[in-house]
There are 2 protein chains.
Amino acid sequence: MSKVIDCPLNYTMNLIGTKWKPLILFHLLEGEVRSGILQKKIQGISNKMFTQTVRELEKDGLVLRKVFPVVPPKVEYCLSKRGKSLETVLRGLDAWGLEDLEV
Amino acid sequence: MSKVIDCPLNYTMNLIGTKWKPLILFHLLEGEVRSGILQKKIQGISNKMFTQTVRELEKDGLVLRKVFPVVPPKVEYCLSKRGKSLETVLRGLDAWGLEDLEV
DNA sequence: TAACTATACTACTTTTTAGTAAGTTATTGC
DNA sequence: GCAATAACTTACTAAAAAGTAGTATAGTTA
């Protein structure tokens, strides 16, 4: 069950190598957003996956979650310092896709 | 079934966002290798996943496969031009993991 | 002639990831 | 008192990814 880390790349992929994680992090590069707004930016994500993914990212210390005790609820997300450190990598992945699509 | 591409990052992840793909590509950065040797470098991969993954990478034009008609079989893999263009991204992911592990 | 070799394929099972649809909350505004 | 609101949460199902174990190949060596 334990995830063996044989190389750092493996570690990185275990952390963000899923369908939605990089996408959410990428959209958070623009800055703090309300939960509902962020979700609408992620085309095609289901409500369940959005909540689940964002919560995992929070658990892993990549995003910060701010809950405002109001009704109806208000929640905001933003990148943590650790999350921000992924910026280069995320933009790199995005840029590669753009390049590759053009060819 | 069709994979909707809402942003280039999504496209990239659909192409290489699985458990073993980045790892195999990363090890191929070192150059051409025989199948068996490559497989041994990928710690923990099963024979099935290795074959399956490498073949998908070939199908997607990221690696090249050279078959030598000898017995016992001899097969070599190397990165295609398109595969090589992932170098920066792959090294970026690896470097991030290294950094993050150290903190 | 039987074992050994390197590579791959197949059938089957388990695990992980993702999707659907419905329910929960507490306050505001009609 | 009932709908609308934003953000979940839960139970259930479906699909994708990964793992296990066994089989095929055809020359070479013991």
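Because the structure is a prediction, the values reported are computed rather than measured. Protein chains get the first letters and strands the later ones, always in sequence-line order, with residue 1 at the start of each.
- Taking atom CD on Gln39(A) and atom C1' on dC8(D), their separation rounds to 10 Å, with Å as the unit.
- In this structure, CG of Asn10(B) is placed 12 Å from P of dA18(C), rounded to the nearest angstrom.
- Of the candidate nucleotides dG19(D), dC9(C), dG19(C), dG19(D) has the atom nearest to the side chain of Lys19(B).
- Contact between the side-chain N/O atoms of Arg65(A) and the OP1/OP2 oxygens of dA7(D) is not found at any separation under 4.0 Å.
- Side-chain N/O atoms of Arg55(A) include one lying less than 4.0 angstrom from OP1 or OP2 on dC8(D).
- Between the CD1 atom of Ile24(A) and the C1' atom of dA7(D) there is a distance of 14 Å, given to the nearest Å.
- The side chain to side chain donor-acceptor pair (under 3.5 Å) pairs that include a residue from residues 52-72 of chain A are Lys21(A)-Glu56(A), Glu32(A)-Lys66(A), Arg65(A)-Tyr77(A), where partners are two or more places apart or lie in different chains.
- If Thr53(A) and Lys74(B) are placed on DNA chain C by their nearest nucleotide, the residue sitting closer to the 5' end is Lys74(B).
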Checklist entry - What string of B, S and - do you get for nucleotides 20-30 of chain D, 5' to 3', if B is base contact, S is sugar-phosphate-only contact and - is no contact with any protein heavy atom under 4.0 Å? => result B-----BS---

Next on the checklist: Evaluate Phe50(B) against Trp20(B) for side-chain contact (heavy atoms from CB on, under 4.5 Å), listing each step before the verdict.
Outcome noted: CA-CA 8 Å; Phe50(B) 177 74; Trp20(B) 300 112; over 6 Å; no

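- Rounding to the nearest 0.5 Å gives a distance of 6.0 Å between CG of Leu62(A) and CG of Leu25(A).
- Taking atom CD1 of residue Ile42(A) and atom P of nucleotide dG19(C), one finds them 13 Å apart after rounding to whole Å.
- Residue Tyr77(B) places at least one side-chain N or O closer than 4.0 Å to OP1 or OP2 of dA8(C).
- Here Thr51(B) does not reach the OP1 or OP2 of dC9(C): none of its side-chain N or O atoms lies under 4.0 Å away.
- Of the possible donor and acceptor atoms, one in the side chain of Ser80(B) sits under 3.5 Å from a partner among the backbone N and O of Gly61(B).
- Taking side-chain N and O atoms only, Arg34(B) has a distance below 4.0 Å to OP1 or OP2 of dT7(C).
- Following chains of ILVMFWY side-chain contacts shorter than 4.5 Å, one cannot reach Leu79(B) starting from Leu64(B), and the two form parts of different hydrophobic clusters.
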Item to check | Ile45(B) and Gln39(B): CA distance, side-chain angles, deciding distance, side-chain contact (heavy atoms from CB on, under 4.5 Å) verdict | outcome: CA-CA 7 Å; Ile45(B) 198 170; Gln39(B) 185 172 339; 4.1 Å; yes

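- No contact: Phe68(B) has no heavy atom under 4.0 Å from any strand.
- If you measure from atom CH2 of Trp20(A) to atom C1' of dG19(C), you get 10 Å, rounded to the nearest angstrom.
- Checked by atom type and distance alone, the side chain of Thr12(B) pairs as donor or acceptor with a backbone atom of Gly97(A) at under 3.5 Å.
- The separation between Glu56(A) atom CD and dT16(C) atom C1' is 11 Å, rounded to whole Å.
- Protein atom CG of Leu23(B) is 15 Å distant from nucleotide atom C1' of dA17(D), rounded to whole Å.
- Phe50(B) comes within 4.0 angstrom of no nucleic acid atom, judged by non-hydrogen atoms across all strands.
- The nearest whole Å value for the distance from the CD atom in Glu76(B) to the P atom in dA8(C) is 12 Å.
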